[in-house]
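For this chain, numbers begin at 1 and follow the sequence in order. Counting starts at 1 for both ligands and their atoms, in listed order. Basis for what follows: all heavy atoms, side chains included, without hydrogens, waters or symmetry-related copies.
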Amino acid sequence: MSGDTPALSPATVVVHAGRPPHEPDQPLNAPITMASTYVGGGDLEYGRYANPTWTAFEEALGALEGGRALAFSSGLAACATVLDLVGQDALVVAPRHAYLGSIGQLGDLEARGRIKASLVDISDTDAVVAALDDAAILWIESPTNPALEVADVERLVAAGHEVGARVVVDNTFATPLLQKPLELGADIVLHSVTKFLAGHSDVVMGALVVRDDQLYDVLKGRRDLVGAIPGTFESWLALRGLRTLHLRVERAQSNAAELARRLEAHPAVAEVRYPGFGAIVAAVLPDAERADLLTRSTSLWVHATSLGSVESTFERRRRWKGEAATIPEGLVRMSVGIEDVDDLWSDLEQALDRVAG
Ligand SMILES: Cc1ncc(COP(=O)(O)O)c(C=O)c1O
C-alpha cells in the first residue's frame, strides 16, 4: 500500500497496510529483521538508516494518517527532532497544557537561549492567533494531556500558515481514527506510539508523519544523524498492536463516554472532563488526598502513568513535578481500556464511595 490515503475504510487499512506482497512463500506478516548491517549496494545499507520491520510499521501508520511516517525511539525523540529544526531565537507557540515532556523540551531550549516559547490556551483560537506573531512553529496537541482541551485544528493550521509557521499536531490522544491533521492542512503529525497505536503497555516508541517529501528527507536525515531509531522488536510489537487499533479505540471510546456519564452523577467527583470523543477522561476530585485515596482503592484500575492501552489505568497528574500548576491537584487522568464497562464502573464506584464516605 502507498503512503497516500487509500479509498478503503480505516478499519481495513489498519489491518492490511504494511504487509509483504501477496506472493507465494511471502509471510503474511512482516518478520522481525534483526540486522545492524546489510550487504552493500542496495537501499538499506546500515541499521541506523533502515530496517524492514520499521518500514512495515511506517507504511501502516502512513496509510492511516495519509502521509509518510518515520518511526522514532520515543514520542519525545520525535518531538526533539522537530524542535531541532527551528533556527536560533525562533518563536514556538504551544499549548500550556501540552504533555509535560513536550513542555519540558520547550522550557529546556528556552533556558539555553535557543528559542522563545509562548504557551497558550490551545482551545482559545483567538488567543492562539494573537500569540502567533512571527512563530516558526505552531505546536498543537488536541485533546491536550491531561486537561483534555480541544483545539480548532483547521482554523489554527490556516492561521499558522498565514504567518509562515510550520504546524505540528500531536495526535497521540485522538489517533488517526478520530482526527487526521494532515487532511486539515497540518505539516507534521506526531505520535507517542507508546500509547494507543501500540496499545499494550509494552513498547516505548514515537513517530512523525508528513506529506511533504522534502520535509520527510530533512526529518529522516536528522534521524539518521542523531540515531533516535526504534528497536526492531518494538516496531514489530507496535505493528502487531496497531492491527487492532480500530476495535480498541471503538470499544475504549464507548466505555469512556459511559464512564464519563456515570462519574458526572457521583457525589465524590467535583468535575468531569470528557471532550466527547476518545478514551481519556479526567475526573477532578476536591483535593490531592481524595484523589490519591481513589487511586489506592481499586483492584481493576491500575495506578500507573501512560495511557492508551487495553487495560484501564489512572493517575493523579500533579504527582509529577513538571505538571502545570494550572492543572487541579485533584485531577485524575483516566485511560479507559477495553474491559467490560460495568466491571470498570463497579470497581470505580466502590472506590469513589470510599472517598465520599
Ligand atoms: C500527548 C503525548 N505526546 C508525547 C508523549 C511522549 O511520548 P513518549 O513517552 O513515547 O516519549 C506523551 C507521553 O506521555 C504524550 O502523552
Report summary line: The answer, listing residues by chain and number that come under 4.0 Å of ligand 1 through any heavy atom, is Ser74, Gly75, Leu76, Tyr99, Glu141, Asn145, Asp170, Thr172, Ser192, Thr194, Lys195, Met205
Query - Counterpart residues, side-chain hydrogen bond (donor to acceptor under 3.5 Å, both in side chains), relative to Gln105 (two or more places apart) - result: none
Report task. Could you verify whether a donor N or O on one side chain and an acceptor N or O on the other, from Asp347 and Ser299, lie under 3.5 Å apart? Result -> yes
Report task. Could you list all the salt bridge (charged side-chain N to carboxylate O under 4.0 Å, His left out) pairs where at least one residue sits in residues 191-208, not counting sequence neighbours? Result -> none
Query raised in the report: Would you find more than 12 non-hydrogen atoms of other residues, nucleotides or ligands less than 6.0 Å from Glu45 atom CD?
Result: yes
**Report entry** Summary of salt bridge (charged side-chain N to carboxylate O under 4.0 Å, His left out) pairs that have at least one residue in residues 239-261, sequence neighbours excluded
**Finding:** Glu258-Arg261, Glu258-Arg262
Query raised in the report: Will you find, in the side chains of Asp121 and His97, an N or O donor that is under 3.5 Å from an N or O acceptor?
Result: no
